[in-house]
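The structure under discussion appears below in the form of structure tokens.
Indexing begins at 1, ligand by ligand and atom by atom, following the structure's order. Values reported hereafter were calculated over all heavy atoms of this structure, with side chains retained and with hydrogens, waters and symmetry mates removed.
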Amino acid sequence: MSKKPLIDLVDITKSFDDTCVLDDLNLSIKENEFLTLLGPSGCGKTTTLRILGGFVTPDKGNVIFDGEDITQVPPNKRNLNTVFQKYALFPHMNIEENIAFGLKISHKSKAYIKDKIKYALKLVNLQGYEKRMPSYLSGGQQQRIAIARAIVNEPKVLLLDEPLGALDLKLRQDMQYELIRLKNELGITFVYVTHDQEEALTMSDTVVVMNQGYIQQMGTPEDIYNEPENAFVADFIGDSNIIDGLMVRDELVEILGVKFACVDKGFGNYKPVDVVIRPEDIILGNPGEGSMDGVVSHLIFKGVHYEMEVMANGFEWLVQSTVAHAVGTPVSLRVDPFNIQIMNKPESEDEKAVTPDE
Ligand code: ATP
């Protein structure tokens, strides 16, 4: 993958009715990258995408595309295309006419348009659908046509705002693979908006986790999942046990009154921290074999694994295992030091170190 930045959002600030939605946002998007903006509803993902597309003008800051400042350039003059959640096909036009719409406006020849329609329908696996009306297509097929319509304009960038949000799970998963294939075949840059963390992890080269108008973390799906930088990211990406901890010293953290070996250093002594442990990293054993004893309080079969809740030291631990332990079974909990993640608490809660009471 090329490392060249294609788009830079520089110091972008945007408010609606005195409410700041994006505050000094900086983001660099590389050529051929599949970049996903991920975050809870209202965090500013769509606003960021709309600023990229030119549908919203920032109050402050610049959008740089291929070295050129396009902050004031209207959407139709930008070398990018947007696909929205609602496929927005023209209902009175057949598929061929829908796909051809943008090309006709830019006065392309009939032969060129015919070729492009054929090519685009092949790309989205809908050859032979030229004469159908949109209402005779399923939701997934309509969304594929919307993507085909965007692709024929040969944009450098495709902006996708929750394009699979209206589809059922199976169709959504099929489409995820199809989008990855398209991205690889076309070599264009995808900027994708979703609040679905699994979708973001599946498809992206880079995930940008946002909350309340700020970027919380940006990295590969593996980085975001394995090395979340704060409790918000850990909580939003996958299931986590997030517990108050006390960093006793380097490589030793106290959780719920029990000391656990960890690998983190440099937090200081007796420093309150957030501790994050993934459910799949907790190893259950017989009572007395681990660091903490507890009792299984819930058991759910999830297909590939079992999910259990274990009440131990006053905390309900979420645990994933391929082995089921019935509700009421006494168990011990153990965690490999490498799988205990220590994070600074958000600044407001992080005022002072506490003194040990031992
Ligand atoms: P969702 O996943 O629900 O679409 P989002 O992360 O995409 O959320 P945005 O659509 O960017 O969030 O909205 C961020 C905030 O800005 C929200 O509080 C929203 O109500 C507000 N907002 C967005 N567009 C406008 C607008 N045109 N006028 C007023 N407020 C707006």
Which protein residues come within less than 4.0 angstrom of ligand 1, counting heavy atoms only? Phe16, Val21, Pro40, Ser41, Gly42, Cys43, Gly44, Lys45, Thr46, Thr47, Glu162
Check residues 109-118 and write down every donor-acceptor pair under 3.5 Å in which the side-chain atom is one partner and the other belongs to a residue at least two apart or another chain.
residue, atom, partner, partner atom, Å
Ser109, OG, Tyr112, N, 3.1
Lys116, NZ, Glu154, OE2, 2.4

What side-chain donor-acceptor pairs closer than 3.5 Å can you find for residues 285-294, not counting sequence neighbours?
residue, atom, partner, partner atom, Å
Asn286, ND2, Glu289, OE2, 3.2
Glu289, OE1, Asn286, N, 3.0
Asp293, OD1, Gly288, N, 2.9
Asp293, OD2, Gly288, N, 3.3

Crowding at CD, Gln212 (>12 non-hydrogen neighbours, <6.0 Å): no
Strictly below 4.0 Å, N to O, side chains only: are Lys45 and Asp161 in salt-bridge contact? no
Taking ILVMFWY side chains as joined if any heavy atoms are under 4.5 angstrom apart, and letting links pass through other members, which residues group with Ile242? Val276, Met343
So is Arg334 actually on top of Phe260's ring, under 6.0 Å and inside 45° of the axis? no
